[in-house]
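Here is the structure we will look at.
Chain identifiers are assigned alphabetically (A, B, ...) following the order of the sequence lines, protein sequences preceding nucleic acid strands; residue numbering begins at 1 within each chain. Keep in mind that what you see is a predicted model, and the values were worked out from it rather than measured.
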Amino acid sequence: MSTPAIDVQQLHKYFGDNQVLKGIDFHVDNGQVVCVIGPSGSGKSTLLRCVNLLEQPTSGKIFVEGDEITDPDVHVDAIRSRIGMVFQQFNLFPHLTVLRNLTLAQQRVKGRGKDEAAQIARKNLEKVGLAAREDAYPAHLSGGQQQRIAIARALSMDPDMMLFDEPTSALDPELVGDVLGVMKDLAREGMTMMVVTHEMGFAREVGDKLVFMDGGVIVEEGDPVEVLANPQHERTQSFLSKVL
Amino acid sequence: MSTTTAPRPSGMSPRQRARASRGVQYVVLVAVIVALALIADWGEIRSQLFAGDIISKLFPSIITTALKNTVIYTAGAFVFGLVLGLILALMRLSSVGPYRWIATVVIEFFRGVPALIVFIAFGYGLPIAFGILLPGGIFTTVTVALGLVGAAYMAETIRAGIQAVPKGQMEAARSLGMSQSRAMVSVVIPQAFRIVLPPLTNELILLTKDSSLVYILGLGPSALELTSFGRQALNQYVNLTPLFAVSIAYLVITVPLSIVVRRMEARAERAR
Ligand SMILES: Nc1ncnc2c1ncn2[C@@H]1O[C@H](COP(=O)(O)OP(=O)(O)OP(=O)(O)O)[C@@H](O)[C@H]1O
Ligand SMILES: [Mg+2]
């Protein structure tokens, strides 16, 4: 069996006395799209953020392409530059143009030259359908456009995998489709993706695996079509009955 | 609402009452102005404050020496204070305890001690106590003494600005592989400075006025700034006109800065 892209073993996370993750085991294979669903406060974001060490796990191990990132001696910045992250609130840099948003880390982290970075940035802007907006500032773009720029910014670092934390939850309904479209293209190209989402249609259509979390544990996981149509656990059933 | 149906003891509607109140305020204002105009000795005021011959003697050195030196002293102190203030702000936010404590002590000390005493300490205290004379003369002493006072205030402003940048900015930068310090320099600090530009400009106005404290160091003719220049001319001509002229010169510096601050604040308000 090949090394999984992400392998999480017995992950526990406390915030003070509050135990948010209570022993999570799961893995994402190369090229897989794994969607994570669950009620608010169930620990989905925390799990995702542990995978690129925005949160420090309390105990347990996480491997990224076979490298243990929970090892205290790990080079955190190097790990992060292999993992793209897309946030609910986009988090574009408001003081920089779109192009500069995409080239800054390429130059400062990857050491790419200005022209090379700009070329890669333009290629990715093209991919998300926003090639014409490279000189705009984030504040002048719609939420949907900002999120596509954020995806292009992450892609410009040539990540091996992408993490998405509710990428469409802050968007007006009519703008959700464009962002999901970009994500579907990515999935089709074989990008390894872990997506926290409430978009069950997206999970069903492009997900290879669906993970349902509640109260800091994985309650159920499996083929998205199966889980959505025929949830085995009572907690999954009651959650799905509320959101579908 | 109830105010329209409530009984009106005065028999006036709220609008009538507001108009009456405004009328009273105007009457008071006019009365004060008339009283001052009657009490004032206009001939004396003209000869003491607006003596044309004295004004013309103040030129050009009021501009070429005094105004210039005020700008130079203030600029030196502001730049030094800004850099030191940024360093102190970052120390205050450091995860290393001793950095935080040192910064807190420095900030509290120089905010709490009168600027005049800081000037005396650097101008006379250091040379006497340690035999240290700052190289570069008056300019260096002003830069360091006034800069330290400015830094103590600006550090707290800058720290608040850094903390006002949403946490997601740092997280986004880190998730792209930037180190903590790289993310600070490229992403957080530039945004923090936009937030604190108006208060920093206010600090520049305060420093412009505080630069007058340099008189305590004893200034040669070429080192005079506006206030010491004004005091000297006051003694020389035994007339208040130089102080009036000097005040105008301060306003030439500070009013444009105030306008800039208002503009920036208005723009920030609109962007919200
Ligand atoms: N930085 C933090 N400090 C303290 N508690 C936190 C922190 N981040 C998250 N929590 C707590 O951890 C729990 C799980 O939060 P998390 O954000 O992972 O949930 P979620 O499943 O992503 O929920 P949502 O759907 O609302 O985004 C919540 O109770 C939350 O209050
Ligand atoms: Mg969340």
Side-chain ion pair, A/Lys61 and A/Asp71, N-O less than 4.0 Å:
no

Output the distance between atom CD1 (B/Ile205) and atom CG (B/Asp210), rounded to the nearest 0.5 Å.
12.0 Å

Select, from A/Gly84, A/Ala150, A/Pro94, the one with the greatest count of heavy-atom pairs under 4.5 Å involving chain B.
A/Pro94

Do the side-chain N and O atoms of A/Ser45 and A/Asp165 include a donor-acceptor pair separated by under 3.5 angstrom?
yes

Any donor-acceptor pair under 3.5 Å linking the side chain of A/Thr70 with the backbone of A/Ile62?
yes

For A/Arg133, what residues pass the salt bridge (Lys or Arg N to Asp or Glu O under 4.0 Å) criterion, not counting sequence neighbours?
none

Quick check on the structure: residues of residues 94-112 of chain B within a heavy-atom distance below 4.5 Å of chain A, by number.
none

Can you confirm whether more than 12 heavy atoms, excluding those of A/Glu68, are under 6.0 Å from its CD atom?
yes

Sort A/Arg153 into side chain, backbone, both or neither according to what part of it lies under 4.5 angstrom from a heavy atom of chain B.
both

List the residues meeting side-chain contact (heavy atoms from CB on, under 4.5 Å) with B/Ser175, not counting sequence neighbours, and say none if there are none.
A/Asn52, A/Met85, A/Phe87

Heavy atom to heavy atom, less than 4.5 Å: which residues from residues 183-196 of chain B reach chain A?
B/Ser186, B/Val187, B/Pro190, B/Gln191, B/Arg194

Heavy-atom neighbours of A/Phe15 CZ exceed 12 at 6.0 Å
yes

For the residue pair A/Ser42 and A/Pro39, what are the closest heavy atoms and their distance?
OG-O, 2.7 Å

Does either side chain, that of B/Tyr250 or that of B/Thr227, offer a donor lying less than 3.5 Å from an acceptor on the other one?
yes

Using non-hydrogen atoms and a 4.5 Å limit, figure out which bit of A/Leu54 sits close to chain B: side chain, backbone, both or neither.
side chain

Are side-chain N/O atoms of B/Glu225 and B/Ser228 paired as donor and acceptor at under 3.5 Å?
yes

Under 4.5 Å from any heavy atom of chain B - which part of A/Leu163:
neither

So which part of B/Arg182 gets closer than 4.5 Å to some heavy atom of chain A, the side chain, the backbone, both or neither?
side chain

Gap between atom CG of A/Asp67 and atom OG1 of A/Thr3 - 0.5 Å precision:
9.5 Å

